[in-house]
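To keep things clear, I will list the structure first and then write my remarks on it.
To find a chain, count down the sequence lines: A is the first, B the second, and so on, and within it residues start at 1. Quick caveat: nothing in here was measured; it's all calculated off a predicted structure.
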Amino acid sequence: MSEGGNGNGLVQLTAKDFKSDQEVRWCPGCGDYAILNVLQGFMPELGLTRERIVFVSGIGCAARLPYYMQTYGMHSIHGRAPAIATGLAVSRPDLSVWVVTGDGDALSIGGNHLIHSLRRNVNLKILLFNNKIYGLTKGQYSPTSELGKVTKSTPMGSLDYPFNPLSIAIGAEASFVARAIDTDKKGLTEVLGAAARHRGSAFVEILQNCNIYNDGAFDFVREEKGNRIYLESGAPIRFGAEGEKGVVQDVDGSARVVDLGEGGEDGLLVHDAGQREPSLAFALSRITFETDGAVPLGVFRSVERPVYDDLMSEQLETARERSGEGDLETLLHSGDTWTVES
Amino acid sequence: MSEGGNGNGLVQLTAKDFKSDQEVRWCPGCGDYAILNVLQGFMPELGLTRERIVFVSGIGCAARLPYYMQTYGMHSIHGRAPAIATGLAVSRPDLSVWVVTGDGDALSIGGNHLIHSLRRNVNLKILLFNNKIYGLTKGQYSPTSELGKVTKSTPMGSLDYPFNPLSIAIGAEASFVARAIDTDKKGLTEVLGAAARHRGSAFVEILQNCNIYNDGAFDFVREEKGNRIYLESGAPIRFGAEGEKGVVQDVDGSARVVDLGEGGEDGLLVHDAGQREPSLAFALSRITFETDGAVPLGVFRSVERPVYDDLMSEQLETARERSGEGDLETLLHSGDTWTVES
Amino acid sequence: MIRFAGDSGDGMQLTGDRFTSETAVFGNDLATLPDFPAEIRAPAGSLPGVSGFQVHFADHDILTPGDQPNVLVAMNPAALKVNLGDLAKGGTVIVNTDAFSDRNLQKAGYATSPLDDGSLSDFHVHAVSLSSMTIEALKEVDGITSREAERSKNFFALGLMSWLYNRPIEGTLGFIETKFGKRPEIAEANTRAFKAGWNYGETSEDFAVSYEIAPAKLEPGRYRQISGNSALTYGLIAASKLSGLPLFLGAYPITPASDVLEQLANMKHFGVRTFQAEDEIAASGAALGAAFGGSLGVTTSAGPGIVLKSETVGLAVTLELPLIVVDVQRAGPSTGMPTKPEQADLLMVMFGRNSESPVPVVAASTPAGCFDAAIEAARIAIKYRTPVFLLSDAYLANGSEPWLIPDVSALPDISTEFATSPKDGDVFLPYKRDAETLARPWAIPGTPGLEHRIGGLEKEDKTGNISYDPENHDLMVRLRAAKVAGIAADIPELEVDDPDGANTLVLGWGSTYGAIGAAARRVRASGRKVATAHLHYLNPFPRNTGEVVRSYEKVLMPEINLGQLKMLIRAEFLVDAVGYNKVRGRPFRAAELADAITALVDS
Amino acid sequence: MIRFAGDSGDGMQLTGDRFTSETAVFGNDLATLPDFPAEIRAPAGSLPGVSGFQVHFADHDILTPGDQPNVLVAMNPAALKVNLGDLAKGGTVIVNTDAFSDRNLQKAGYATSPLDDGSLSDFHVHAVSLSSMTIEALKEVDGITSREAERSKNFFALGLMSWLYNRPIEGTLGFIETKFGKRPEIAEANTRAFKAGWNYGETSEDFAVSYEIAPAKLEPGRYRQISGNSALTYGLIAASKLSGLPLFLGAYPITPASDVLEQLANMKHFGVRTFQAEDEIAASGAALGAAFGGSLGVTTSAGPGIVLKSETVGLAVTLELPLIVVDVQRAGPSTGMPTKPEQADLLMVMFGRNSESPVPVVAASTPAGCFDAAIEAARIAIKYRTPVFLLSDAYLANGSEPWLIPDVSALPDISTEFATSPKDGDVFLPYKRDAETLARPWAIPGTPGLEHRIGGLEKEDKTGNISYDPENHDLMVRLRAAKVAGIAADIPELEVDDPDGANTLVLGWGSTYGAIGAAARRVRASGRKVATAHLHYLNPFPRNTGEVVRSYEKVLMPEINLGQLKMLIRAEFLVDAVGYNKVRGRPFRAAELADAITALVDS
Ligand SMILES: Cc1ncc(C[n+]2csc(CCOP(=O)(O)OP(=O)(O)O)c2C)c(N)n1
Ligand SMILES: Cc1ncc(C[n+]2csc(CCOP(=O)(O)OP(=O)(O)O)c2C)c(N)n1
Ligand code: SF4
Ligand code: SF4
Ligand SMILES: [Mg+2]
Ligand SMILES: [Mg+2]
């Protein structure tokens, strides 16, 4: 049950209830379909009636998603969804507000709104569909594309070192950070559930295949399940087809993948998403396919922190307690007044 | 000597050569004066003639600085200095380009340009004057103001959790990150030197006192020297009036301050700014007055990474090698052409 | 009218003299009233020790040194106490906070500090650490003690006032040179203090011009003094109450709009949510998001910030959601002159968005008028489901005037109805319009059965589904335009003040209202005939506007820009209106306007 | 005119038939030319096995099925090979990439794939994985194999073409129902494939309308086919060469402007630096930074991105630095209809900035004309040290026409001189203006002795120091305006085409050029008189514009907006110009324009 809602009685909805009457218009084979399905399947778990849920998106292929959800929705402008959603969530704490965005939408034009909504800990669930490319505009590189990427706008290879979406989110004081794969129904559903339960900003990176402009970008973990490092709080971080690998921490605080030797799980890093200090989550975010040949999935960080929306509501209450409900007449007559006789 | 320039012969300039004829117009007592003095004193160390140096700023009290430097300068628009400076630096690799910005300018409206210039590793020296307040607009809270801060725009206290400028820079893949204090001439000069020597983006946070709207915000480290943790690569991290404290690393990768016991320096964290993995620098960035009662200063991170400007120049050269210097005639006649007879 | 007041030892007479000279050089008419204490040197800090100097200066003939000063510079609590009573309501007080020690307060007979206890709430108070800033500025002057340095604070104050009123400073610099030439360290100290004061004014963005012209005769009733930004704040609060919608303000600080944010932040007991955003884009975005959720969404800024909101306003146009966008105009282009007024954002708010993107525009004309303008902007936004621009400027914002406090029960009802859950079987059509207003339903999240999606892509008429159909696009473009144009039927006609049947019309808008009125009085006093009219609605125009402008032979349009409204009027009504345009970052002088009108009337 | 071509088994005739029916329903006149192979079923993939179907449709009378198709849908290499020769230069080719296997290429007699070897560089090629996308789309249809699924690809192609030409689809959906009713899984498959094709067109933003009208008679010389965006790219490269300034492009991808970025990214051997920025603000900021450093700074976008550049353009106005801002207009407001053309950003580029912020505006009128327009925009920017807007639109951008390749040596010299180090004792004045152009010196970093600071605050005349002086501000506002207005003396006069001495003038701008010309021909052919003129400069207007518009009794202004240029012309010249305005996201039809002109001429 999400804490975003007030849980007004039992609601028995199914995935079908969350399908809108609009035809889904992504390219056949696009990873967005898988995400949409999981999301529609997950929605009933929120335990909210549909009118209490709002999807806000920017612009991009991913950003079309709200049209397909039988909830309230806004397909807004490029990069601005977190700002718009902030106004909505802050003024309507009774709603469950979700932001759907792409790697370009969230990290290129919208980077500033994203990091500010994270530091404020606004009660938003932010789903970033990372396909490492600009899909809608036909295949230019994005801020998550790897250095040297050849695309329409970089015929000789891109020059910009990419962002690591999780590192930047953690650097921006995010209270909840997670990662999942489009086609990994179980993993994605779990992460969505954790995000929904977290009060405050929840940032979820979803690795998504764009089969038209960047096909196979995540095959190393989408197809090769042995490269998935599922993080579980309280457990030593272990993975591989036979659980033959693990993650340890170096003296300098960085984390890296090792082959399990004789010692078994001894010395493996024990995950703790609830740790207040973000250094562990940050170190884990640095484990990538490029550095370690494997990718952590699941919840990296989930800590409680005062929620912007709540704090604001509290100030309003306090102010009313102190001064009473504002009265217009009194306000207009405040300060010195004088009378002109007729 | 900066690598930003080509060092054309010996240049013998002094601080005075870098004072412009414009009257300095900050409030009496403002920390900006101290920074300006150190900067003017440092400039000759660049070993560049004045015309090769450019200061670009946004808007704010800090952003007035370019007017006072007898170099080229642009006082641009709020938050956009990193973007403008990027165009200048990338197109003119012969120049030494400095960005001067405030906590509002850099981290509020300009957050996105800042993080993108850092990840690209554009050859910019970015000096962020952090006074934890909006000075020029008369004292509203800024993205670095502490939670609960009472200001003109937050009479009941601010609700937003602040950014840690260094954490966000490191999360944004910065290759050079440092911190200094306005009035600490030696420390600031050293950091400026290191930044200038670093090829690529160098991000420097300077703790600056705004005596009008946020007086004393940094007294705990500006006045109390015992709370300064000077970082030195290769040395165990030790500080305090008598060197009685140090920094250790916890099992979870986070760093914290301890009192030196019997063991002396044993077990203390040894600083290494050149470490490729940013986890250590990140952990150090989390040590603050609030968490540990002390503040690390100096160079947190300084690693070499290809520089955007250089990569671009190389592509231009490669293209010319491959295709020869572009010829307009040839270009216009490329593809199929046909002739209409008269 | 300014009064300098301080301790006898504070050099107030010297200061007043210098200011007078500067002012005379500047070309203003003036009159002065020095006012020393009886004793040569009364005890420092005491009430009798207060010395004052009043200067009345203006751009027209002055007959007296004035009764009520508008600005009081008080160097200590005693000076404040003695002089405050004379100050006009809404006047400006500049105090030297350093002198407000407990001891000095006591000497002046204050139990609590008037700076903290709210007793100055009717005035614009600028609390300035005159003494300590002076000492700091003089730190590097050799040969003077910090006690001596402190003495130069009158020059700091003079520098600040000289900046505020744009006085030429060469005279004072020369005067210091001559007068203190024998003690170069004192000359140096006074020069530095003077410049530091000037620079402080410039840097702190804390000062701006003040509104001068108040209506001549006052109707009976209860009055208070109010500045434009306060009236605007109150108007927004009133709109929230009158509409029954909670107010959500998204704003990013900027001169001269910041204090609307700051004042609204003090109104949390009215259920007001203020969100200081990371930038103007987010500020407007959040306000729009709140409007989607059923709040009265407001965003406030000045020109350099408004330009960043254009994209969001464009989205609001196509989403057809209410949004109030307040532009407190200042001199530009770009950063321009932050504290100075200008009326040059009109065409930006009209046209500054991609494609056909019509937005109603309402403009306030007086400080108190900001109250009604805010309610009216809200009324239109709510009723027509559209963003609305509300234009004020630095002159209105910081200026103040007596205000006949309105009767709350007489304020308009601007409430609206949200769409409600459809009856069984009914399909909800988010873009089906009200036949009269052409407004679409406002269906807020939380309403069962109205789940729907809206966005920035073109929408099919009625259903709101994405549509690329050519004829539908043309239809929607025209519907959006017709909705805004139709507001003309719902606003008052343009009123003309034409007592004598003139053939020349002076047509204005915004803060030139006072100056035009004063100028017209002068012109009429000279026996000439002139009509005046003032537009409070700039888009759409009142329905009789064409009729009015066409019924005069000559139309003069004074604007603090290069002729923006003039262009709109000429294009729409094909009348050969001529402009009177000065873009100096300050209000018109009645005299110059009167000259311009006279010239046209006589031509 | 479209030709569908594929293997005999690919269902091309059926596809063509359906498209024809849709087109007939749509109301177009049309003619078709089916073209089957002689054999009933030639070997799959072979040249003789190719089956084709050509449809010529238009908004006017059609006499033949047409000679050269403009669009070729090629389902395999053989179909491409057979039909490519007929295709008009600059035509569009949609190929099913899945069929371009080595084997099929061999069968068609291709040594290398024409998709990769550059042999299609004269055409717009859309490489679409028709087969695999069809299979993917049909994944969930029960009862059909993937082989069977693949057969539905003709319906995918039909869906895509139907989307591209906005055909009504109900007919085809009904047809499928009827025709395949007995095999519901096939009906389902075809329906899904059809819709998937339609959706693909809509989602991928890869398609847009194409330019149709080419000049009637061609001057002698060497020609090539060129699209508007390519011509614009070439024009920018030429401007860089002609000025001797390295080109710096700051851009953020957006339809329909992205391929200027993409093409310039291929021009690194011309010393071109392309910077894909994080957003449009940074893109324009970087271009301005590069301009400060002495580059030819360019930034390109479409309306929703241009609106974000306004703040930077405002800074460029006050810094007085050259900057070229290209707006490839598309239908709005807000996100609007990304692939569709419109002319509705004119007032935004004119006025979309705070305060008085004048910027010259140049507009291209034909695809090839984008070349000259780019050079001209650069010339003005460089010579006058000002940002310049260059307007194109989606119709010009993607449309193409034959282009008489200009003689490089005949192109204008647009070089400039940077300020040089001052002689000893001379003070450098960054805002001292050239007496003729009013341009200030361009003093780039690296020049000893010219160290100076510029910024967004108001500047003192000549020195460029910060100034809040009222008269100085008024002066600077007027100087900036005068500089831009003065460009009128430096651009060609407005040319009028009036063979018969008409009393009606049709005045246009931008991409309506072709349609207006064609319409005028029709009107004249009907024995009526009409004059035409086309504005290539929208700010300032050519110096004779007033004279021209005032010399006609009636002025008609066709615009794909609600009358934006009309407003400017009416305001400036007080002529009662009337508009012909359709905002459908597509070009005017010559026929409708001819009707409108005729009506006005006859009135
Ligand atoms: C202001 C603005 N700039 C640019 C665009 C064009 N644009 C639309 S989506 C997009 C990027 C899409 O990339 P991403 O966010 O990764 O989404 P994806 O399509 O890959 O899901 C761009 C550049 C726009 N619509 N608006
Ligand atoms: C687009 C825009 N928005 C807002 C402003 C107003 N403004 C100027 S500086 C500033 C913040 C200054 O804070 P900071 O960057 O911390 O600099 P400081 O004055 O503290 O040195 C603001 C909000 C502006 N000039 N332009
Ligand atoms: S372009 Fe890529 S991301 Fe967009 S719908 Fe197609 S496959 Fe999906
Ligand atoms: S307001 Fe603060 S930061 Fe600005 S000049 Fe004054 S003391 Fe310095
Ligand atoms: Mg993407
Ligand atoms: Mg600050």
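Between chain A and the residues B:Leu166, B:Val307, B:Ile115, B:Asn112, the largest count of heavy-atom pairs under 4.5 Å involves B:Asn112. Chain B forms the most heavy-atom pairs under 4.5 Å with one residue out of A:Gly110, A:Pro143, A:Ala283, and that residue is A:Pro143. Between chain B and the residues A:Leu159, A:Leu269, A:Leu118, the most heavy-atom pairs under 4.5 angstrom are made by A:Leu159. Between chain A and the options B:Arg286, B:Met312, B:Glu314, the largest number of non-hydrogen pairs under 4.5 Å is found for B:Arg286. Here A:Ile168 is the residue among A:Thr291, A:Ile170, A:Ile168, A:Val270 with the most heavy-atom pairs under 4.5 Å with chain B. Comparing B:Glu277, B:His116, B:Arg120 by heavy-atom pairs within less than 4.5 Å of chain A, the highest count is held by B:His116. The candidate from A:Arg119, A:Met156, A:Gln315, A:His113 with the greatest count of non-hydrogen atom pairs under 4.5 Å with chain B is A:Arg119.
Using a 4.5 Å cut-off between heavy atoms, A:Ala169 does not touch chain B at all. Contacts of A:Arg276 with chain B are absent, with no heavy-atom separation under 4.5 Å from either backbone or side chain. Contact of B:Leu107 with chain A is made through the backbone alone, with heavy-atom distances under 4.5 Å. With a 4.5 Å cut-off on non-hydrogen atoms, A:Pro278 touches chain B through its backbone and its side chain both. Of the atoms belonging to A:Asn164, heavy atoms from both backbone and side chain fall under 4.5 Å from chain B. The contact between B:Asp252 and chain A is made by backbone and side chain atoms together, counting heavy-atom distances below 4.5 Å. Neither the backbone nor the side chain of B:Asp250 has a heavy atom closer than 4.5 Å to any heavy atom of chain A. Looking at B:Ile109, the atoms closer than 4.5 Å to chain A (heavy atoms on both sides) all sit in the backbone: N, CA, C or O. Neither the backbone nor the side chain of A:Arg256 has a heavy atom closer than 4.5 Å to any heavy atom of chain B. Contacts of B:Val251 with chain A are made by backbone atoms alone, with heavy-atom separations under 4.5 Å and no side-chain atom involved.
B:Thr154 contributes a side-chain N or O that, together with a main-chain N or O of B:Lys149, makes up a donor-acceptor pair within less than 3.5 Å. Judged by distance alone, with hydrogens and angles left aside, the side-chain atoms of B:Ser153 form no donor-acceptor pair with the main-chain N or O of B:Gln140 at under 3.5 Å.
Looking at every heavy atom in both residues, B:Gln275 comes nearest to B:Arg301 through O-NH1, 3.1 Å. The minimum heavy-atom distance linking A:Ala202 with A:Phe176 is given by the pair CB-CD2, 3.5 Å. Residues A:Pro296 and A:Arg179 approach most closely at O-NH1, 2.8 Å, considering heavy atoms. Considering every non-hydrogen atom in both B:Val97 and B:Ala85, the closest pair reads CG1-CB, 3.9 Å. Scanning all heavy atoms of the two residues, the minimum distance from B:Ala89 to B:Val122 falls at CB-CG1, 4.1 Å.
At a cut-off of 3.5 Å, with distance as the only test, a side-chain donor of A:Ser285 or A:Ser167 sits close to an acceptor on the other residue. A donor and an acceptor atom, one from each side chain of B:Asp160 and B:Tyr141, are located under 3.5 Å apart. Residues A:Tyr134 and A:Thr151 bring no donor and acceptor atom of their side chains to less than 3.5 Å of each other.
Of the charged side-chain nitrogens involved, none lies within less than 4.0 Å of a carboxylate oxygen, so that B:Glu304 and B:Arg199 do not count as a salt-bridged pair.
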